[in-house]
Every structure is written in C-alpha cells, then in structure tokens.
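Worksheet: one structure, shown below.
Start at 1 and go down the list; that is how both ligands and their atoms are numbered.
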Amino acid sequence: MSSSSPERILFIAGGTDGIGFSLLIEECKRCKYSKIYVLGRNFDRLKKQLLLNTRSVPDIVELSCDITQQDEIKTTLSRIKDESIHDFILTIGTFHRGNIADITHDDIVANHFHLNCISTINLIRSILTKLVKGQSQILVCTASVAVTARSPYGLQSCTKAALRSFIDTLRIELKGTTRVMNIMPPSVDTRIFSKADDHRNTDIYPPPLRVVVGMQYMLDCPFDICIPELLIEQHQFDEQQLPG
Ligand SMILES: NC(=O)c1ccc[n+]([C@@H]2O[C@H](COP(=O)([O-])OP(=O)(O)OC[C@H]3O[C@@H](n4cnc5c(N)ncnc54)[C@H](OP(=O)(O)O)[C@@H]3O)[C@@H](O)[C@H]2O)c1
C-alpha cells in the first residue's frame, strides 16, 4: 500500500465536530485522499469552513446520519454505492460524568450505551463490506478511561472499555486484510463536555490537533506493521510546540 496514493478514500464518522473535524481539516491540507466521506448530523461547521460544495481535492461528501437509528445507517451507507473505503475513522461518542449511585436507567441504556457501544458497533460492522480488501484500515477513537477507569466517570469508563474489547476482537478477525487500531486520548479541548451539560473550562486541555497527530502517525505506518493501540497521556502542553 502506498500511503501517498491519490486514489485513497477516507471515511470519517464524527467528522463534523471535535477530534474528527480537526482530522478532516488536516487531511484537506495534505491531500492524501482523493475523497473524504464525512458522517455526522450537523454540517454547519463544514459549511462555515467552505468545505462543502466547492470543487476541491479531496472531494468532500456529506453523509447526514444519526447512527442511533439503525435504518439510517443502512440508507446512508447505500449512498456510497460500489465505492470502496480505504480508511475508516470513527470519532463518534458522548460523555457522561456522575457517581454510580446517581446514574439513571436512561443514562445507561437510552443515552450512553446506545451511542458509545450499540450504535458504534452497528456502524463498524455495517462498514466492513465496504472496505477495500487487503489495504484498508479502521481507526477508532475510544478514550484513556478504556484502560484506567476513573471516578466519577463510571459509565464513560465502562462503555469505552467495552468498545476497546470489541476493537481487539475485530483486529484478530481482520488480521492480514484490514488494520484495526484504537487511539485512547486523555481530555481534549472540544465541545463534548458542554454537550453533556458539563461546563468545565476546557482551555486547559490540549487541542484536538494533538490527537490527530497521533492518528496520522498510526494511519501512515507501513502496512506490514500495526500499532494496535495508542494510549496518550498529557505529559506537557505547550501551544508553541503545535505544528502550524
Ligand atoms: N474530547 C475529549 O476530551 C475526549 C477524550 C477522550 C476520548 N474522547 C472520545 O473521542 C471521541 C470524539 O470526541 P470529541 O471530543 O471529538 O467529541 P465531539 O466534539 O462532541 O464530536 C463528536 C462527533 O460525533 C458526532 N455524533 C455524535 N452523536 C452522533 C450520532 N448520534 N450520530 C452521528 N454522529 C454523531 C458529532 O456529530 P454532530 O456534531 O454532527 O452531531 C461529532 O461529529 C468520542 O468518542 C469521545 O468519547 C474525547
């Protein structure tokens, strides 16, 4: 596989905000892909950055889909027709903070597990038939709590740990045809917290670009080796050190 092939097609599920959106911006700069499918619900940010409806390389295709609706996943993926995906990146997820005693049934089933586990697993298994055999990669963004549970993040920790186990199994099943990887970031400066009504100051966290650098490193590796997991810890953070 040549990592510089202009014919490669990327699919970013969650490319409309946060880490996925940051990856989209970076991939548009370096032109590794000829086409990028972006799956999400709200495309305002892409429109503001003029990433849609412009004749550009890569060609960006908007796939509006709520992945908690199984029928929407099926209809959405039918839009990519016979085209094959080389690299599938998943950055969809939600955040939950709270002591275990205070967690409600809806928090567990309707909200958190439904998106972070059931829907993401459904999307991943639905994309498998669309992948280029022998040359494809799947990279899922879970979280550092997948490895080390933290409180008051019991729900967040267990959904990420479950997804991590699923990814491990997928790696075994697809070995030799699709490289399956998992990146596990610490807290990053995105809107994921405020969307969950947690209005902490996120300015103290590294920007999503820090995670994107790790993702690109994993995706660009020679295809005969696989970095199965990348656990990121915040060691130091200095804005000046970020690539321009
Ligand atoms: N930010 C952090 O501190 C942090 C730390 C560790 C791990 N993570 C994990 O990294 C992943 C990305 O986090 P992030 O901070 O980038 O989150 P984010 O800024 O909230 O972005 C989440 C993305 O997922 C999409 N999404 C959410 N629900 C969806 C649904 N039902 N159907 C389709 N798309 C949906 C959003 O699309 P729309 O905006 O279009 O709805 C958005 O593109 C998550 O799994 C998160 O748990 C984040």
Value rounded to 0.5 Å, distance of [atom1] in [X] from [atom2] in [Y]:
X	Y	atom1	atom2	answer
I92	L39	CD1	CG	5.0 Å
D102	L155	CG	CG	12.0 Å
K32	L10	NZ	CG	8.0 Å

Ring pair (Phe, Tyr, Trp, His ring centres under 6.0 Å) partners for F95, two or more places apart: Y153, F193
Which residue supplies the protein heavy atom nearest to [atom], what is that atom called, and how far is it?
atom	value
atom 26 (N) of ligand 1	I92 CG2, 3.7 Å
atom 43 (O) of ligand 1	T16 OG1, 2.7 Å
atom 46 (C) of ligand 1	I192 CD1, 3.5 Å
atom 31 (N) of ligand 1	D66 OD1, 2.9 Å
atom 6 (C) of ligand 1	P185 O, 3.2 Å
atom 22 (C) of ligand 1	T91 O, 4.0 Å
atom 18 (P) of ligand 1	K195 NZ, 3.5 Å
atom 1 (N) of ligand 1	T190 OG1, 3.0 Å

Less than 4.0 Å is my threshold; does some heavy atom of [X] fall inside it relative to ligand 1?
X	value
T142	yes
F193	yes
R45	no

Numbering the atoms of ligand 1 from 1, which are under 4.0 Å from a heavy atom of [X]?
X	result
G18	16 (O), 19 (O)
S187	3 (O)
G93	44 (C), 45 (O)
C65	32 (N), 33 (C)
Q156	47 (O)

Counting only heavy atoms closer than 4.0 Å, does ligand 1 sit against the backbone of [X], its side chain, both, or neither?
X	result
M184	neither
P186	backbone
S144	neither
L115	side chain
I67	both

Pair S165-D168, side-chain donor/acceptor within less than 3.5 Å: no
What about [X]: any of its N or O atoms under 3.5 Å from an N or O on ligand 1?
X	answer
V188	yes
I19	yes
T68	no

[Y] reachable from [X] in the ILVMFWY side-chain graph, under 4.5 Å edges:
X	Y	answer
L174	L139	no
V211	V145	no
L163	I183	no

CD1/I225: more than 12 non-hydrogen atoms of other groups inside 6.0 Å: yes
Flag side-chain contact, heavy atom, 4.5 Å: I67 against T120: yes
Salt bridge flag under 4.0 Å for residues [X] and [Y]:
X	Y	answer
D71	K74	no
K35	E83	yes
D107	R97	no

Remaining members of hydrophobic cluster (4.5 Å side-chain criterion), L231: V147, M184
From the candidates R191, R41, K160, H96, the one that places a heavy atom nearest atom 29 (C) of ligand 1: R41
Backbone of R164 reached by a side-chain donor or acceptor of T142 within 3.5 Å: no
